[in-house]
Amino acid sequence: MAVQRPRIGMYEVGRTLGEGRFAKVKLGKHKVTGASVAIKIIEKDSLQKVDKWVKREIACMKLIKHPHVVRVLEVLASKKNVYIILEYVEGGELYDKIVENGKLDENEARRYFQQLIHGVDYCHSRGVYHRDLKPENILLDAKDNIKISDFGLSALSQQRRDDGLFHTTCGTPSYVAPEVMDEKGYEGAPADLWSCGVILYVLLAGSLPFNGSSPSNLYQKMQKSVMDFPPDFPVGPRELIKRLLDPNPKCENEWFQVGCKATTKEDDLDVYFRKDYFMTECSRPVLMNAFDIISMLSRGLDLSGLFLEKDAWKKETKFTSVHPAEEILSKIEDFAVGLGYKVKILNFKMRIQSSKPGRKGYLSMATEVMEVAPSLFMVDMHKTSGDTLEFRDFHQQLSRGLKDIVWKSEEELTGRS
Ligand code: ATP
Ligand code: MG
């Protein structure tokens, strides 16, 4: 008779992948798809009270999707344990690579470091901080790319006080910023960048930048940023490391930029308007036929028409209005221009573009007004480039700005919804 493997949710539990200070990590296999996952098992007793804030943090972790950050797939719980189901990363720890091969070649270190910074920067933009970055938490996938593990997990073992700063000391002394060791409280972002500086040093030197005869001696050296570079340490990144191990770090550094993919260039509004899409002039919005409407409804479009909160994470939004198409467009235009966006309108189509590049280049949106029925228009707006969160912010502001022209269902007007 086949022996039944222990199961957690839909996952069969396999061998232990590793063990840290707070958790055991086991290999898991999805019962149906056979996909491998890593299951991080944390005893509830070792956690501080799982309050609302921690739950919020877990919800944020699930939204983190970046090629260089380990995905949190699910969080399950039993009476005794919390199980964090993670993307399985098969290439082992970056730490082992340094232990086995010693320091890395400059180009290899730069590639890892660029990936590390991109992952860290992405999480910070989503309000998630690591606070325990170290080579053990940096895993390598099958293609030798970095996957940062444990992002946001430190939230489980520490608390933010009323001043918004983190207070419980966590992290690993040599990689932890002096302000983390301080009792004063610290902000997540500078602390993580400090750790990135230490990691870059370790990758290039094969040893730690700060060494102390005692913890207090180590702390003093870190506070004063007293460190030496070995004679064969490459010159290019020294300045960057000094800046990262400085209270106000910035990453606009020549050494860092080498081999980095350029961010999206501004896409020219005029070029866009030259496309066939806009070739023929027309005097009224496109009229949607019954088939278009039914197919949209079947994809979940609710014609009661408000910008829905559930749309907030999507790259597209739709709403309906009984105001004339020209008025809808000019209201959106006034609003977008007021926020400093550039706007072009032609044939009931509109292109809106930010005047400054954002996190993923210029935020650009295409909007079209279509006629659903006589005097009922549907406005479709979707992101064509740029960052989804920036789109979400724009969309949220717009939904407030256009309150008067967005069609409200009777239920909403009578306050029943
Ligand atoms: P700490 O307790 O300070 O966090 P740690 O990071 O080494 O130390 P864990 O995060 O519990 O401890 O992880 C233990 C080990 O499990 C890791 O070092 C790694 O080798 C392995 N591991 C963790 N996450 C994954 C994953 N997603 N895929 C594959 N292996 C993993
Ligand atoms: Mg870890």
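Remark: K26 NZ to I39 CD1 distance equals 9.0 Å, nearest 0.5 Å. For the atom pair L329 CG and K331 NZ, the distance stands at 12.0 Å (nearest 0.5 Å). Rounded to the nearest 0.5 Å, atoms CD (E390) and NZ (K383) are 9.0 Å apart. Rounding to the nearest 0.5 Å gives a distance of 13.0 Å between CG of D380 and CE of M365. Annotation: the span from R238 atom CZ to R243 atom CZ amounts to 16.0 Å, rounded to 0.5 Å.
The two residues L200 and L240 have their closest heavy-atom pair at CD2-CD2, 4.0 Å. Looking at every heavy atom in both residues, V70 comes nearest to L139 through CG2-CD1, 4.3 Å. Contact detail for G9 and L76: the closest heavy-atom pair is CA-CD1, 4.0 Å. When all heavy atoms are compared, the tightest approach of A336 to V343 is CB-CG2, 3.8 Å.
Ionic pairing of D121 and R359 is present here: one or more N-O contacts between side-chain nitrogen and carboxylate oxygen are shorter than 4.0 angstrom.
At least one donor-acceptor pair under 3.5 Å links the side chain of H130 to the backbone N or O of S149. Without hydrogens or angle criteria, T384 side chain to S364 main chain gives a donor-acceptor distance under 3.5 Å. For T33 (side chain) and H30 (main-chain N/O), no donor-acceptor pair under 3.5 Å exists by modelled atom type. Side-chain atoms of T16 never come within 3.5 Å of backbone atoms of G18 as a donor-acceptor pair (strictly under, hydrogens ignored). In terms of modelled atom types and a separation under 3.5 Å, the side chain of Q353 and the main chain of K342 share no donor-acceptor contact. In this structure a side-chain-to-backbone donor-acceptor pair under 3.5 Å is present from S78 to N81. Without hydrogens or angle criteria, H395 side chain to F391 main chain gives no donor-acceptor distance under 3.5 Å. A distance-only check finds a donor-acceptor pair linking the side chain of S385 to the backbone of Y362 [under 3.5 Å].
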- Task: Please assess R7 against V13 for the test side-chain contact (heavy atoms from CB on, under 4.5 Å), listing each intermediate value before the final yes or no.
- Result: CA-CA 6 Å; R7 275 229 317 262; V13 183; 5.8 Å; no
- Item | Derivation of the side-chain contact (heavy atoms from CB on, under 4.5 Å) call for L208 and M227 | CA-CA 9 Å; L208 289 163; M227 66 178 151; over 6 Å; no
- Kindly determine whether R351 and T367 satisfy side-chain hydrogen bond (donor to acceptor under 3.5 Å, both in side chains), including the steps that lead there. CA-CA 6 Å; R351 178 80 159 178; T367 301; over 6 Å; no
- Task: Carefully, step by step, assess V72 and I64 under the rule side-chain contact (heavy atoms from CB on, under 4.5 Å).
- Result: CA-CA 8 Å; V72 173; I64 293 282; over 6 Å; no
- Verdict with supporting geometry, E368 and M350, side-chain contact (heavy atoms from CB on, under 4.5 Å): CA-CA 6 Å; E368 183 171 10; M350 176 189 261; over 6 Å; no
- Take K29 and S36 through the test side-chain hydrogen bond (donor to acceptor under 3.5 Å, both in side chains) and record every step on the way to the result. CA-CA 5 Å; K29 200 168 146 196; S36 295; over 6 Å; no
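Checking N145 against H68 by side-chain atom types alone, no donor-acceptor pair falls below 3.5 Å.
Sorted by first and then second residue, the salt bridge (charged side-chain N to carboxylate O under 4.0 Å, His left out) pairs involving residues 106-120 (not counting sequence neighbours) are K97-E108, R111-D144. For residues 74-94, every residue pair satisfying the salt bridge (charged side-chain N to carboxylate O under 4.0 Å, His left out) rule, not counting sequence neighbours, is listed here: E87-K147.
Considering only heavy atoms from C-beta on, L402 stays 4.5 Å or farther from I328 through its side chain. Side-chain contact between D132 and D150: absent, with no pair of heavy atoms (C-beta onward) separated by less than 4.5 Å. Between V25 and I41 there is no side-chain heavy-atom pair separated by less than 4.5 Å.
Using cut-offs of 30° and 60° on the angle between ring planes, the pair F335 and F394 is perpendicular. Below 30°, between 30° and 60°, or above 60°: for F151 and H124 the angle between ring planes is above 60°, a perpendicular geometry.
Residues forming a side chain to side chain contact (heavy atoms under 4.5 Å, CB included) with I98 (at least two apart in sequence, or on another chain): L94, V202, L203. Residues passing the side chain to side chain contact (heavy atoms under 4.5 Å, CB included) test with V99, sequence neighbours excluded: Y95. Residues satisfying the side chain to side chain contact (heavy atoms under 4.5 Å, CB included) criterion with P230, sequence neighbours excluded, are Y201, A205, D232, F233. With sequence neighbours excluded, the residues that form a salt bridge (charged side-chain N to carboxylate O under 4.0 Å, His left out) with D387 are R126.
Partner I199 forms a side-chain contact (heavy atoms from CB on, under 4.5 Å) with one of I241, L244, L133, N137 and no other, that one being L133.
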